[in-house]
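Structure, as structure tokens:
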Amino acid sequence: MSKGRLIVISGFSGSGKGTVVKKLVEKYDYSLSISATTRAPREGEVDGREYYFKTVEEFKSLIDYNGLIEWAQYVENFYGTPRKFVEDEIKSGKNVILEIEVQGAMSIKSQYPDALLIFISTKDVETLHDRLVNRGSETEDVIKKRMQRAAEEAESMENYEFIVINDELDKCVDDIHSIVVSESCKKENRTEFMIDIKNQLTAQA
């Protein structure tokens, strides 16, 4: 059985990456790795569905026992990726999406060189700010911190293989799936070609 691919999706807070990821899972049957976090649940969020909601003490215990592939602190809260689920799904042949921050993405790439890094952005800064305001769940001070954080994250965009603009949700979802399929085909075709050439050369030797 072929191994699956690890797809890392990052993006500015307010870029709609969470909605994009949900659509990818629903439409194209990706496996979604659920992150652990110490932030409080937003209205409608359920433990074990959107996130594993942890106390700071519980989160630090996961770090101590090497239970996370990566973790990072973002706007006063901790986020991390549980290890076992990700590695089991890849071994079973499933493509796994990780929705994580840029700091964690760089850590993932160093551990899994074949991971595909995709960054989601809004079409401009005004749209990003408006989406944060329209959430209605965060204070003006938190919104300001998220915009400052976005400026820092923009410095890491060049480390991603692809940048996708989330202006129209369905188009963004389809664009990302097309990227994954294209990259998988390139990898599979390259492997098959190398095996074929090696066999031919061995036969002629």
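The first residue in the sequence is number 1, and the count goes up from there. The figures that follow rest on heavy atoms only: side chains count, while hydrogens, waters and symmetry mates do not. In this text, all values refer to a predicted model and were calculated from it rather than measured experimentally.
Comment: R149 engages E153 in a salt bridge, judged by a side-chain N to carboxylate O separation of less than 4.0 angstrom. A salt bridge links E161 with K109; the closest basic N to acidic carboxylate O contact falls under 4.0 Å. A salt bridge does not link D64 with K60: none of the charged nitrogens is closer than 4.0 Å to a carboxylate oxygen. Salt-bridge formation is not detected for the pair K27/D170: no Lys NZ or Arg NE/NH1/NH2 atom is positioned less than 4.0 Å from an Asp or Glu carboxylate oxygen.
Screening I100, V8, L117 for a side chain to side chain contact (heavy atoms under 4.5 Å, CB included) involving M106 leaves a single residue, L117. Here the rule is side chain to side chain contact (heavy atoms under 4.5 Å, CB included) with I120, and of I163, I176, I165, T19 only I176 fits it. For the side-chain hydrogen bond (donor to acceptor under 3.5 Å, both in side chains) test with K171, the passing option among D174, D175, D167 is D175; the others fail.
Residues D29 and K94 have side chains in contact (heavy-atom distance under 4.5 Å, counting atoms from C-beta outward). The closest side-chain heavy-atom distance from V102 to E155 is not below 4.5 Å. Residues E50 and R42 fail the side-chain proximity criterion, which asks for heavy atoms closer than 4.5 Å. With a 4.5 Å cut-off on side-chain heavy atoms, Y74 and T37 do not count as touching. Considering only heavy atoms from C-beta on, F85 comes within 4.5 Å of S31 through its side chain. Taking 4.5 Å as the limit, every side-chain heavy atom of P82 sits out of range of all side-chain heavy atoms of I34. Taking the side chain as every heavy atom from C-beta outward, D114 and R5 approach each other to under 4.5 Å. At least one side-chain heavy atom of L24 sits less than 4.5 Å from a side-chain heavy atom of I9.
Ring-plane geometry between W71 and F78 is classed as tilted, the angle between the planes lying from 30 to 60 degrees on a 0 to 90 degree scale. Note on ring orientation: taking the six-membered ring where Trp is involved, the planes of F53 and Y51 are tilted (angle from 30° to 60°).
A distance-only check finds no donor-acceptor pair linking the side chain of N166 to the backbone of C172 [under 3.5 Å]. Not one N or O on the side chain of S182 forms a donor-acceptor pair closer than 3.5 Å with the backbone of I179.
Under the side-chain contact (heavy atoms from CB on, under 4.5 Å) criterion, E87 pairs with R83, Y112, sequence neighbours left out. For R131, the salt bridge (Lys or Arg N to Asp or Glu O under 4.0 Å) criterion is met by no residue, not counting sequence neighbours.
A distance of 10.0 Å separates OG1 of T81 from CD of E101, quoted to the nearest 0.5 Å. Here the CG-CD1 distance, from L116 to I108, works out to 13.0 Å after rounding to the nearest 0.5 Å. In this structure, OG in S35 is found 9.5 Å from CG in L68, a value given to the nearest 0.5 Å. In this structure, L6 CG and Q111 CD are separated by 9.5 Å, a value rounded to the nearest 0.5 Å. Annotation: the span from K84 atom NZ to E89 atom CD amounts to 10.0 Å, rounded to 0.5 Å. Annotation: the span from Q103 atom CD to S10 atom OG amounts to 11.0 Å, rounded to 0.5 Å.
A continuous path of hydrophobic side-chain contacts links V20 to V164 [ILVMFWY only; heavy atoms under 4.5 Å]. Hydrophobic clustering, with ILVMFWY side chains joined whenever heavy atoms are under 4.5 angstrom apart, keeps I118 apart from V181. The same ILVMFWY cluster, assembled from side-chain heavy atoms under 4.5 Å apart, contains both I97 and L169. A continuous path of ILVMFWY side-chain contacts below 4.5 Å connects F12 to M147, so both sit in one hydrophobic cluster.
F59 has its ring centre no less than 6.0 Å from the ring centre of Y79.
Around the NE2 atom of H129, the shell of radius 6.0 Å holds no more than 12 heavy atoms that belong to other residues, nucleotides or ligands. Shown here is E140, whose CD atom has no more than 12 heavy atoms of other residues, nucleotides or ligands within 6.0 Å. Around the NZ atom of K23, the shell of radius 6.0 Å holds no more than 12 heavy atoms that belong to other residues, nucleotides or ligands.
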> Please walk me through it: do I69 and S107 pass side chain to side chain contact (heavy atoms under 4.5 Å, CB included)?
Replying inline: CA-CA 8 Å; I69 293 174; S107 174; 5.7 Å; no
>> For K22 and E99: C-alpha separation, side-chain torsions, deciding distance, then whether salt bridge (charged side-chain N to carboxylate O under 4.0 Å, His left out) applies.
In response: CA-CA 10 Å; K22 287 179 182 178; E99 181 191 340; over 6 Å; no
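Taking both residues in full, the closest heavy atoms of L128 and S15 are given as CD1-N, 3.9 Å, listed atom of the first, atom of the second, then distance. The two residues L132 and S13 make their nearest non-hydrogen contact at CD2-O, 3.4 Å.
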